[in-house]
Amino acid sequence: ADQVDQWWTKSAAKQQIDLLTVQLAAPKYRGITGWDRGKKMEELGGLYKNLPTGSRMDNLDRCIGCLEEARELFPRKTYPKDWGRVTTNLANAYDDRLSGSKADNVDKAIALHESLLEVRTREAYPEDWAMTTMNLANAYRSRLSGSKAENVEKAIALCESSLEVYTREAYPEDWAM
């Protein structure tokens, strides 16, 4: 049963990618910029990120390309929630990226997480702010650029800051991470 499930998952993911690729090339979507195309590109990026077949490096690069396009189609001021979700996924994809310079990829992830904090303020979106702050801390922890000590200190400060929202009482699972 496990082999059948694995085959089905791989086959289904590839079929979804093929379907989205055909849809995006269809006249209905060609030349269309906006929310509908952004959603399709976001979905396609997510499929590539989790695709269990093919080259992981190539799949992540395709994921990043799709998410970068989706992010452009979701202007921050017009679609802040969509922009934030796509930017989070893009930052995480850069953090996982296998091609290019690891230092550059992590720095790109840090810049994306920092841009999120301009929208996901602690006052307006405390839970999103805490999650983004934790993601930023993880990126600083794995950062290769700059001083290792300063990066670790920054990661610790960000973790401590996020724990002001992720309290043991309110978010026990997040607090335990």
Side-chain angles (χ1 to χ4, degrees), residues 9-10 13 17 38 41-76 79-177:
T9 302
K10 290 176 186 177
I17 287 172
M41 293 307 296
E42 178 184 9
E43 184 179 354
L44 188 57
L47 287 167
Y48 275 122
K49 184 166 183 5
N50 298 309
L51 185 64
T53 61
S55 161
R56 178 82 176 134
M57 182 175 73
D58 291 343
N59 290 341
L60 283 169
D61 285 345
R62 287 184 186 106
C63 165
I64 287 169
C66 292
L67 293 176
E68 284 177 340
E69 182 175 336
R71 187 170 184 253
E72 289 177 20
L73 295 167
F74 293 138
R76 181 162 86 172
Y79 304 110
K81 285 281 196 187
D82 296 306
W83 178 87
R85 186 183 57 250
V86 169
T87 301
T88 297
N89 291 335
L90 182 58
N92 292 336
Y94 269 107
D95 204 33
D96 293 342
R97 191 176 193 198
L98 302 173
S99 64
S101 158
K102 181 66 176 170
D104 290 345
N105 291 334
V106 172
D107 285 346
K108 179 72 172 175
I110 287 170
L112 288 163
H113 287 305
E114 288 175 341
S115 73
L116 278 162
L117 290 174
E118 295 171 14
V119 173
R120 292 179 170 176
T121 63
R122 182 175 176 170
E123 297 74 29
Y125 305 102
E127 192 172 345
D128 290 341
W129 174 85
M131 179 196 65
T132 302
T133 302
M134 276 303 247
N135 287 340
L136 182 56
N138 288 332
Y140 268 104
R141 190 181 59 184
S142 63
R143 189 174 191 216
L144 300 174
S145 304
S147 160
K148 182 70 173 170
E150 287 176 14
N151 290 336
V152 170
E153 287 173 15
K154 179 81 171 173
I156 290 169
L158 288 162
C159 284
E160 289 173 344
S161 184
S162 73
L163 290 173
E164 293 170 12
V165 171
Y166 281 158
T167 63
R168 184 178 197 165
E169 297 76 28
Y171 300 95
E173 289 179 21
D174 295 313
W175 177 85
M177 290 182 6

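Since the structure is predicted, the reported quantities are computational estimates derived from the model, not experimental observations.
Side-chain contact check for Asp95 versus Val106: some heavy-atom pair is nearer than 4.5 Å. Looking at Leu67 and Lys49, their side chains never come closer than 4.5 Å, going by heavy atoms from C-beta outward. Using a 4.5 Å cut-off on side-chain heavy atoms (C-beta onward), Lys81 and Tyr125 make contact. Contact of the Leu60 side chain with the Leu98 side chain is registered, since non-hydrogen atoms from C-beta on lie closer than 4.5 Å. Here the side chains of Arg143 and Lys154 are not in contact, with every heavy-atom distance at 4.5 Å or above.
Rounding to the nearest 0.5 angstrom, the gap separating the CD atom in Glu127 from the CE atom in Met131 is 8.5 Å. In this structure, Asp82 CG and Leu73 CG are separated by 11.0 Å, a value rounded to the nearest 0.5 Å. With rounding to the nearest 0.5 angstrom, the OG1 atom of Thr121 is 10.0 Å from the CH2 atom of Trp129. One finds the CD1 atom of Ile17 at 8.5 Å from the CZ atom of Arg62 (value rounded to the nearest 0.5 Å). Residue Glu69 holds its CD atom at 12.5 Å from CD of Glu42, rounded to the nearest 0.5 Å.
Closest of all the heavy-atom pairs between Tyr94 and Leu112 is CD1-CD1, 3.8 Å. In this structure, Ile64 and Ala93 approach most closely via the heavy-atom pair CG1-CB, 3.7 Å. Of all the heavy atoms in Gly54 and Asn59, the pair that sits closest is C-ND2, 4.2 Å. Considering all non-hydrogen atoms of both residues, Thr133 and Leu158 come closest at CG2-O, 3.2 Å. Of all the heavy atoms in Asp61 and Arg97, the pair that sits closest is OD1-NE, 2.9 Å. Tyr48 and Cys66 make their closest contact through CD1-SG, 4.2 Å (heavy atoms, listed as atom of the first residue, atom of the second, distance).
Remark: the backbone N or O of Ser145 is paired with a side-chain donor or acceptor of Asn151 at under 3.5 angstrom. Remark: side-chain polar atoms of Ser162 are paired, donor with acceptor, to backbone N or O of Cys159 under 3.5 angstrom. Remark: side-chain polar atoms of Ser161 are not paired, donor with acceptor, to backbone N or O of Ala157 under 3.5 angstrom.
Of the residues listed (Arg76, Arg71, Arg120, His113), the one engaging Thr87 in a side chain to side chain donor-acceptor pair (under 3.5 Å) is Arg71, and it is the only one.
At most 12 heavy atoms of other shown residues, nucleotides or ligands fall within 6.0 angstrom of atom CD in Glu150.
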